[in-house]
> 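Could you have a look at this structure, given as structure tokens, before my questions?
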Amino acid sequence: MLDAKYVRTNPEEVAEKLKKRNFNLDVELVKKLEAERREIQVKTESLQQERNARAKSIGKAKAAGEDIAPLLAAVDQLKADHAAAELELNDIQAKLDEILFSIPNIPDAEVPEGKSEDDNVEIRRWGEPKTFDFEPKDHLDLGTSLSQMDMECAAKLTGSRFAVMKGDIARLHRALIQFMINTHIEEHGYQEAYVPFMVNRDSLFGTGQLPKFEEDLFKLTDEREFYMIPTAEVPLTNMVRDEIVDEASLPLKFVCHSPCFRSEAGAYGRDTRGMIRQHQFEKVEMVKIVKPEDSEQELESLVANAETILQKLELPYRTVILCGGDIGFSAARTYDIEVWLPSQQKYREISSCSNVRDFQARRMKARYRNKETGKPEFLHTLNGSGLAAGRALIAVMENYQTETGAIEIPKVLQPYMGGKTIIEA
RNA sequence: GGUGGGGUGGCUGAGUGGUCGAAAGCGGCGGUCUUGAAAACCGUUGACUGUAACAGGUCCUAGGGUUCGAAUCCCUACCCCACCGCCA
């Protein structure tokens with residue numbers, strides 16, 4: 001969330017900056033509620049002050065052995081007034097919080113203007129889209145004819161938007177995950193983490209999925225009300241929730257493989273075929289917890305770490321910076337990496353890397369002690385996929401297919417496949 | 001699941017109704033000493049809010065209650081620890 005003080009002292013400025021993401025802040029409402037809050041808070045606090053003073057004097061009188069009965073009678077009305085004022089204050093504070101919690105992050109100045117993903121701006125490309133001298137199949141045709149991918153079976157087990165994989169394809173999927181994690185811990189200095197795949201409300205609030213995006217999540221129905229994680233970003237980032245982190249341990253860099261569960265996937269009727277958009281998919285996630293002055297630079301290296309995976313897999317990709325209209329709720333700046341899919345003749349998102357700045361840290365009260373000021377200050381958090389495993393699998397299958405419907409195995413994955421070099425029927 | 005014990009500042013931990021935002025230690029910061037560092041010694045040091053600066057307010061896991069007054073008493077929830085039971 002944004003700094004409440006900043007929002008209430010400069011609502012017009014905030015509204016102006018949020019226009020870039022097509023977010024409309026009701027400035028008049030904020031001003032009106034804020035004026036009320038101020039008045040009621042002053043009233044409540046002065047009543048509190050009075051109550052505290054009276055209570056103290058009663059204590060003194062009692063200690064001195066005086067008769068306190070008249071003092072007790074005098075304090076009755078005060079008590080009732082204070083209780084009423086407090087209720088009123090809580091009510092208005094709740095209204096203000098509701099607004100504050102649903103305001104998205106302010107985009108960086110460098111974020112391009114734009115309405116949709118069509119307005120994202122390409123930063124760079126790597127590799128050349130491969131040309132085939134036959135009609136390339138998509139991953140579903142390839143997987144199905146190998147009898148190693150079965151969407152009908154998944155639909156029987158659960159429903160639409162789930163997948164069953166078998167044999168070498170299942171192993172290739174796992175190989176990708178192992179390869180990615182190993183690369184990040186061995187070459188990029190991340191610490192591997194294993195975390196819960198169900199989290200509580202506080203965690204989802206901390207990273208910004210709640211309260212606004214409840215419908216995107218799978219929620220458990222028992223009395224504990226846990227949620228399935230939509231990304232490992234949630235548990236990883238929340239590790240520092242309510243902590244004052246030792247400055248010497250920064251930056252924290254975590255990498256974690258997890259399944260991700262998203263209810264919204266499929267709500268738009270997009271990518272209904274194959275494994276592109278699923279309710280459950282695997283992802284290797286990178287999260288960095290850093291000092292504010294480092295976050296810009298850490299975002300660049302985060303993207304580079306993700307790109308390295310595609311380079312080692314020799315998959316053509318491009319990197320774009322998301323425009324104001326396409327950027328996520330918590331992010332100040334996001335780079336998407338898009339991999340080439342021959343079946344679609346398009347680049348498709350395979351990683352999303354964001355600098356969240358202090359937006360999540362403020363929600364989570366995640367701080368470090370600044371040596372120079374001696375004061376606790378909010379950390380900056382970043383997250384990025386490194387990479388989405390399901391989409392990486394699709395990209396490998398489609399880019400490495402042969403005319404006979406076999407799939408060559410990228411060199412870097414062969415050690416994870418028992419030395420195998422090709423998957424064929 | 002059962003029984004018992006707990007949850008207090010960055011950390012450990014004392015505090016059972018008013019003089020407690022809270023002893024002590026550790027850690028941090030400043031200093032003395034030292035070529036420098038360590039040790040030792042001295043001083044200092046909670047967070048949030050609020051103010052031009054004071055003042056004021058809130059915070060002892062969370063939510064309710066009792067009371068003029070709650071870290072302290074009562075209820076509920078969550079979490080942790082120990083032992084027992086069960087179990088991959």
Side-chain angles (χ1 to χ4, degrees), chain A residues 1-10 30 33-97 100-101 194-206 210-211 219-227 235 238-250 252 289 291 358 360-379:
Chain A
M1 68 192 192
L2 303 179
D3 182 359
K5 196 191 279 182
Y6 175 52
V7 173
R8 68 176 179 244
T9 51
N10 308 284
V30 169
L33 288 172
E34 185 51 35
E36 286 178 40
R37 195 218 92 234
R38 215 171 250 275
E39 185 191 333
I40 297 163
Q41 183 162 337
V42 168
K43 183 170 134 197
T44 307
E45 290 186 0
S46 65
L47 285 167
Q48 261 163 352
Q49 185 182 358
E50 179 68 15
R51 185 201 62 179
N52 292 346
R54 296 284 187 94
K56 211 164 222 173
S57 66
I58 289 172
K60 273 186 192 154
K62 201 178 175 186
E66 297 167 22
D67 177 19
I68 58 170
L71 292 173
L72 292 185
V75 95
D76 255 14
Q77 186 58 43
L78 182 61
K79 197 184 177 187
D81 289 348
H82 175 249
E86 200 164 46
L87 277 179
E88 206 180 346
L89 181 61
N90 288 345
D91 186 58
I92 197 146
Q93 192 62 59
K95 283 182 190 159
L96 276 166
D97 283 348
L100 189 63
F101 295 158
Y194 172 82
V195 295
F197 301 149
M198 297 178 218
V199 294
N200 57 32
R201 284 192 69 88
D202 287 346
S203 292
L204 287 157
F205 177 82
L210 290 180
K219 182 182 188 178
L220 275 62
T221 56
D222 75 355
E223 69 282 357
R224 284 169 292 208
E225 303 192 319
F226 294 152
Y227 294 79
N238 275 279
M239 289 200 282
V240 294
R241 170 153 55 84
D242 293 321
E243 301 286 339
I244 297 180
V245 179
D246 185 5
E247 184 175 358
S249 65
L250 298 172
L252 297 171
I289 316 285
K291 290 195 265 182
D358 62 4
Q360 292 174 330
R362 184 172 284 110
R363 292 169 89 93
M364 295 192 293
K365 297 184 186 65
R367 296 169 294 174
Y368 77 106
R369 194 171 295 278
N370 185 326
K371 256 210 164 82
E372 281 161 29
T373 62
K375 291 283 174 192
E377 289 178 14
F378 290 118
L379 292 156

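Convention: sequence-line order gives letters A, B, ...; per-chain numbering from 1. Keep in mind that this is a model prediction, so the values were computed, not measured. The figures that follow rest on heavy atoms only: side chains count, while hydrogens, waters and symmetry mates do not.
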> Between Glu45(A) and Gln49(A), does any side-chain donor sit less than 3.5 Å from a side-chain acceptor?
no

> Who is the Watson-Crick or G-U wobble partner of rA23(B), with both distances under 3.5 Å?
none

> Considering Watson-Crick and G-U wobble pairs with both distances under 3.5 Å, what does rG30(B) pair with?
rC42(B)

> Students often get this wrong, so: under 4.0 angstrom with heavy atoms, is Arg38(A) touching a base, only sugar-phosphate, or nothing?
sugar-phosphate

> Taking for each residue the nucleotide of RNA chain B with the nearest heavy atom, is it Leu71(A) or Lys56(A) whose nucleotide lies nearer the 5' end?
Lys56(A)

> Rounding to the closest angstrom, what is the interatomic distance between rA40(B) and rC83(B) at atom P?
36 Å

> Expressed as a whole number of Å, how far does the P atom of rG15(B) sit from that of rA23(B)?
14 Å

> Distance check: side-chain N/O of Arg369(A) vs OP1/OP2 of rA47(B), anything under 4.0 Å?
yes

> Just how far, in rounded Å, is P of rA47(B) from CD1 of Ile244(A)?
8 Å

> In whole Å, I'd like the distance from the CG atom of Asp3(A) to the P atom of rC48(B).
12 Å

> Just to confirm, is there a sub-4.0 Å distance from OP1 or OP2 of rG57(B) to any side-chain nitrogen or oxygen of Arg51(A)?
no

> Over all heavy atoms of both residues, which pair between Ile68(A) and Ala61(A) is shortest? Give the atoms and the distance, please.
CG2-CB, 3.9 Å

> Taking the P atom of each, how far is rU45(B) from rG10(B), in whole Å?
15 Å

> Rounded off to whole Å, could you give me the CG-to-P distance for the Asp242(A) and rU8(B) pair?
13 Å

> If you compare all heavy atoms of Leu2(A) against all heavy atoms of Leu100(A), which two are closest, and at what distance to 0.1 Å?
O-CD1, 3.9 Å

> Just call it for Asn200(A): base, sugar-phosphate, or nothing, with non-hydrogen atoms closer than 4.0 Å on any strand.
nothing

> Which nucleotide, if any, forms a Watson-Crick or G-U wobble pair with rG4(B), using both distances under 3.5 Å?
rC81(B)

> Grab the CG-C1' distance between Leu47(A) and rG57(B) for me, whole Å please.
12 Å

> Counting the atoms with a prime plus P, OP1 and OP2 as sugar-phosphate, which does Lys62(A) contact under 4.0 Å by heavy atoms, base, sugar-phosphate, or nothing?
base

> Sort out the partner of rG17(B) for me: Watson-Crick or G-U wobble, both distances under 3.5 Å, none otherwise.
none

> Search all heavy atoms of Arg241(A) against all heavy atoms of Ser203(A) and return the closest pair with its distance.
NH2-OG, 2.8 Å

> So which one's nearest nucleotide on RNA chain B is more toward 5', Lys60(A) or Lys5(A)?
Lys60(A)

> Answer with yes or no whether Gln48(A) presents, from its side chain, a donor or acceptor under 3.5 Å of a partner atom in the base of rG57(B).
no

> Measuring only the C1' atom in each nucleotide, how far is rA77(B) from rA88(B)? A whole number of Å is fine.
29 Å

> Given rC68(B), rG56(B), rA47(B), which nucleotide is nearest the side-chain atoms of Lys375(A)?
rA47(B)

> What interatomic distance, in whole Å, is found between P of rU3(B) and the corresponding atom of rU72(B)?
25 Å

> What integer distance in Å separates Glu39(A):CD from rG57(B):P?
20 Å

> Would you kindly give the CG-to-P distance between Asn52(A) and rU19(B), to the nearest whole Å?
11 Å

> Rounded off to whole Å, could you give me the CD-to-P distance for the Glu372(A) and rU45(B) pair?
21 Å

> Say you draw a straight line from CZ of Arg51(A) to CD of Gln48(A); how long is it, rounded to the nearest 0.5 Å?
5.5 Å

> Does Lys371(A) reach a base, just sugar-phosphate, or nothing at all? Heavy atoms under 4.0 Å.
sugar-phosphate

> Output the rounded distance in Å from NZ (Lys79(A)) to P (rG65(B)).
10 Å

> Determine the Euclidean distance between corresponding P atoms of rC84(B) and rU19(B); express it in Å to zero decimal places.
44 Å

> So which heavy atom on Arg363(A) is nearest to which on Phe205(A), and how close?
NE-O, 2.7 Å

> Could you work out the separation of rA53(B) and rA62(B) based on their C1' atoms and round it to a whole Å?
36 Å

> Which heavy atom of Leu379(A) sits nearest to which heavy atom of Leu250(A), and what is that distance?
CD2-CD1, 3.6 Å

> Using atom P of each nucleotide, how far apart are rC33(B) and rC20(B) to the nearest Å?
38 Å

